[in-house]
Amino acid sequence: MSLAVESKPDVDHQTTYFRCISGCSAKHSIFDVIYTCPTCGSLLEVYHEREPLKKKNAYQWQQLFDSRASTSKWPFGSGVWGMREWVVPSLADENVVSMFEGNTNLFWAERLGAQLGVPDLWIKLCGNSHTGSFKDLGMTVLVSVVKQMMAQGSSVKAVACASTGDTSAALAAYAAYAGIPAVIFLPAGKVSTAQLIQPVANGAHVLALDTDFDGCMKIVQEVTKDNSIYLANSMNSLRIEGQKTVGIEMVRQFEWEVPDWIIIPVGNLGNISALYKGFKLMMDLGLINRMPRLVAAQTERANPFYTAYKNGFAEKVSVTAQDTLANAIRIGDPVSYAKAVKAVQETNGIVEQASENELAEASASADLTGMFTCPHTGVALAVLKKLIDRGEISSKDKTVVISTAHGLKFTDFKVGYHESTLEGIDSKHANPAVHLPADANAVKDEIARRLEQHNG
């Protein structure tokens, strides 16, 4: 890999800063240890002033990003840092902490789309990333900024997060790569073995607490108050900066064509907020001329955003999240609520929910066409089917479902489905392995029976 770098971005760091999403006028450096507005308590966002970015026209930005995609030139081969001027332009090259995340493939779901009646169906496979989820996109930005803060003499000594699995894996891996200690707060007994072992293997300090995610979130916020440990959850707007690139990357992969619909599973609501942020930036800079309709997909057992949507977003709703197969979105009090409301309203979006049985069957159906879906992708696929059935999504629409994590992180879910041991799940597509004697005739008979069933 070449370590040669391009010239520094021609965007001054004073044009990228934290600002309050509620409109307070103060600006804060993105290298300050700050997560919420000190005046009103609202969330912050990283804001990029548009005029400096307009020094390049839309075509020049498209050409630049196209030229960097998947290159071996550091750090532009990363799907995130290939857009560095739109992420953290003032980050020093030596402080970029990247494992060439992003550039994940758009899978044309030809067979599944034909079955559902939407032939232009695509799955954005964000799980094909270093730690197996889209969380890598945000964590490369956050850990890079922390590395620069520490190099500049910050009081920060470690990074920490509350997690239902994927966030902890991403933080632990990127922190290990940077040589920064990581502290992980997990709800005991509510994280898959595959997710638990990732931060353990990467040397993070893993604390399993007798509470749920929301309880872990309260504790990590308390622990990080003294500014010696940096909070890495999605209330930290730096994560959003990396995650927003998935939408930009998707449009680039479609040769700068905007899909009609994007469906994404949501929990803490940072992901749909990030999607909107990326599309809004492209709109403002003239790279696209319309927004996709964004769909937030929730599980019935953790559905505060769906409940608020049904009430016209009259007020934020919090619930006590129940046990769900989609444990990474088992969140009852989402932090990025206000940002997500804007994302849905500004894109004429929809919020819909799926039952446990619906998400399991949707996941299994997709797997039968060549995918290997996580349960959260199953939530999005189940919502997709609902929107098709009621005529919201038509056969002519270009539709993208964002698959947030790799199915290999949820093998317990897969095994339980195919062994028909998941409580309340019909397992209509169960396909357990069959045990046979080592006899050629018995094997031939079983193959014949199965092929007859398949062709019948």
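Because the structure is predicted, anything quoted here is derived from the model rather than measured. One-based numbering along the sequence shown. These values consider heavy atoms only, across backbone and side chains, with no hydrogens, waters or symmetry-generated copies.
- Side-chain contact check for Asp226 and Ser228: at least one donor-acceptor pair (N or O, by modelled atom type) lies under 3.5 Å.
- Evaluation of the salt bridge (charged side-chain N to carboxylate O under 4.0 Å, His left out) test over residues 135-150, restricted to residues two or more places apart or in two chains, returns none.
- Ring centroids of Phe100 and His130 are separated by 6.0 Å or more, keeping the two rings apart.
- Between Tyr35 and Tyr230, the ring center distance clears the sub-6.0 Å criterion.
- Rounding to the nearest 0.5 angstrom, the gap separating the CG atom in Asn357 from the CD1 atom in Ile425 is 4.5 Å.
- The side chain to side chain donor-acceptor pair (under 3.5 Å) pairs that include a residue from residues 416-425 are Glu361-Tyr417, where partners are two or more places apart or lie in different chains.
- Counted by atom type alone, Thr224 and Gln221 present zero donor-acceptor pairs between their side chains at under 3.5 Å.
- Salt-bridge formation is not detected for the pair Lys218/Asp214: no Lys NZ or Arg NE/NH1/NH2 atom is positioned less than 4.0 Å from an Asp or Glu carboxylate oxygen.
- Separating the CG atom in Leu171 from the CG atom in Asp166 is a distance of 12.5 Å, to the nearest 0.5 Å.
- Atom OG1 of Thr399 and atom CD of Glu392 lie 11.5 Å apart (nearest 0.5 Å).
- We find that Arg290 and Asp260 are joined by a salt bridge, their nearest charged nitrogen and carboxylate oxygen being less than 4.0 Å apart.
- Two rings, from Trp122 and Phe254, have their centers less than 6.0 Å apart.
- Cation-pi contact between Lys414 and Phe372: present, with separation from the ring centre below 6.0 Å and deviation from the ring axis of at most 45°.
- You'll find the side chain of Glu356 reaches within 4.5 Å of the side chain of Leu359, heavy atoms only.
- With respect to the salt-bridge test (charged N to carboxylate O, under 4.0 angstrom), the residues Glu352 and Arg390 qualify.
- Between Glu241 and Lys277 there is a salt bridge, with a side-chain nitrogen of the basic residue lying less than 4.0 Å from a carboxylate oxygen of the acidic one.
- Taking the centre and axis of the six-membered ring of Phe65, the NZ or CZ atom of Arg252 falls outside the cone set by 45° and 6.0 Å.
- Ion pairing between a basic and an acidic side chain is recognised when a charged N comes within 4.0 Å of a carboxylate O; Lys190 and Asp323 show no such pairing.
- Side-chain rings of Trp74 and Trp81 stay apart, their centers remaining 6.0 Å or farther from each other.
- No hydrogens or angles considered: a donor-acceptor pair under 3.5 Å links the side chains of Asn303 and Gln353.
- Under 3.5 Å, the side chains of Glu45 and Ser237 contain no donor-acceptor pair of N or O atoms.
- Under 3.5 Å, the side chains of Ser363 and Thr373 contain a donor-acceptor pair of N or O atoms.
- Between the CZ atom in Phe410 and the OG1 atom in Thr377 there is a gap of 8.5 Å [rounded to 0.5 Å].
- Here Phe313 and Phe305 bring their ring centres to under 6.0 angstrom of each other.
- Asn233 and Asn268 share no donor-acceptor pair across their side chains, judged by distance under 3.5 Å alone.
- Ionic pairing of Glu358 and Lys386 is present here: one or more N-O contacts between side-chain nitrogen and carboxylate oxygen are shorter than 4.0 angstrom.
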